[in-house]
Amino acid sequence: MTKLQLRAEKLSLMPGQSATPSNLCAAIWVEDGHVDVAGQRLPRAEALDCGAARCILNPGSASATVILFSLDRDSEAAWEPDDASPSLLLAETIQCDPSRTILRLDRVTFPPGAVAYRHVHSGPGIRYLTMGALDIQSDAAMHRMRPGNAWFEDADSPVRATADAHSVSEFVRVLLLPDSYLGRPTLKRLNPEDFDKPTLQTNHRYFDTPLSTHIG
């Protein structure tokens with residue numbers, strides 16, 4: 001097993017600025033504006049799997065905000081001198097076998113009042129709320145998540161998520177999963193009385209990629 005730090009950071013770029021993460025940057029998700037990275041232009045709400053490549057982020061002639069999900073063996077992210085500086089949203093230490101793990105980035109959208117009934121996922125991950133509000137109920141506590149909040153859910157950790165009754169709610173998520181889940185959903189409901197209830201939230205999967213692409 002390999003000990004890694006999973007991080008979520010928020011980076012705001014002004015016109016003419018750039019940023020070059022020198023740690024193992026795993027994924028970029030554009031919250032606002034667009035960025036040019038690795039020869040591609042990424043518009044709002046799009047994502048890119050960067051592997052272990054060094055990526056220069058450039059917003060062009062307009063400002064942009066991006067969420068960076070990264071993995072590294074070090075405890076702190078590294079950035080090139082004179083780059084725009086990100087703000088850390090959340091960092092968690094995890095352990096996994098990179099040769100048997102996939103990295104997934106996806107987006108989950110809840111219509112008003114929708115419920116993700118008490119469930120687990122088969123791998124750890126960080127979520128970042130982009131709009132609306134979610135009540136996240138674990139077996140120990142309840143937390144109200146609002147736009148800009150990030151939170152960690154460990155593998156097989158039971159939670160129930162209830163969306164705001166008056167608005168669409170949405171989060172973007174990075175997960176580390178056993179490779180048997182390549183291309184497959186991971187949510188598993190726990191309470192028998194919920195098994196036949198409708199699923200109202202929708203999922204947009206950006207990519208599944210072997211973790212060995214990022215961590216050799």
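Under the 4.5 Å side-chain contact rule for hydrophobic residues, Leu68 and Val35 share a cluster. Following chains of ILVMFWY side-chain contacts shorter than 4.5 Å, one cannot reach Ile126 starting from Val108, and the two form parts of different hydrophobic clusters. Leu103 and Leu187 fall into different hydrophobic clusters, defined by Ile, Leu, Val, Met, Phe, Trp and Tyr side-chain heavy atoms under 4.5 Å apart, directly or through other members. A continuous path of ILVMFWY side-chain contacts below 4.5 Å connects Tyr128 to Tyr206, so both sit in one hydrophobic cluster. In terms of hydrophobic clustering, with Ile, Leu, Val, Met, Phe, Trp and Tyr side chains grouped at heavy-atom distances under 4.5 Å, Leu176 and Leu89 are assigned to a common cluster.
Side-chain contact between Leu4 and Gln95 is absent, with no heavy atoms from C-beta onward closer than 4.5 Å. Proximity of Val168 to Pro111: side-chain heavy atoms (C-beta onward) are nowhere separated by under 4.5 Å. A 4.5 Å side-chain heavy-atom check between Glu170 and Arg107 finds at least one atom pair inside the cut-off. Proximity of Trp29 to Val174: side-chain heavy atoms (C-beta onward) are nowhere separated by under 4.5 Å. Val115 places none of its side-chain heavy atoms less than 4.5 Å from the side chain of Leu200. Between Arg104 and Thr186, the closest side-chain pair of non-hydrogen atoms falls below 4.5 Å.
Of the possible donor and acceptor atoms, one in the side chain of Asp164 sits under 3.5 Å from a partner among the backbone N and O of His166. In this structure, Arg127 contributes its side chain and Phe152 its backbone to no donor-acceptor pair below 3.5 Å.
Distance CD/Gln17 to OG/Ser63: 10.0 Å, rounded to 0.5 Å. Expressed to the nearest 0.5 Å, how far CG of Asn203 lies from CG of Asp106 amounts to 4.5 Å.
Between Phe171 and Phe110, the angle of the ring planes lies from 30° to 60°, which puts this pair in the tilted group.
Residues Arg144 and Thr162 have side chains that never bring a donor and an acceptor to within less than 3.5 angstrom of each other.
Leu11 pairs with exactly one of Thr65, Val66, Ile67 by the side-chain contact (heavy atoms from CB on, under 4.5 Å) rule, that one being Val66.
Taking the ring centre of Tyr181 as origin, the terminal cationic atom of Arg184 falls inside the region bounded by 6.0 Å and 45° from the ring axis.
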Apply the test ring pair (Phe, Tyr, Trp, His ring centres under 6.0 Å) to residues Tyr117 and His119: give CA-CA distance (whole Å), side-chain angles for both, the deciding distance (0.1 Å), then the verdict. CA-CA 6 Å; Tyr117 298 99; His119 65 278; 9.3 Å; no
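One finds no salt bridge joining Arg100 and Asp179 here, because no Lys/Arg side-chain nitrogen approaches an Asp/Glu carboxylate oxygen to under 4.0 Å. Checked for salt-bridge contact, Lys10 and Glu31 meet the test: a charged N lies under 4.0 Å from a carboxylate O.
Within a 6.0 Å sphere centred on NZ of Lys197, heavy atoms belonging to other residues, nucleotides or ligands number more than 12.
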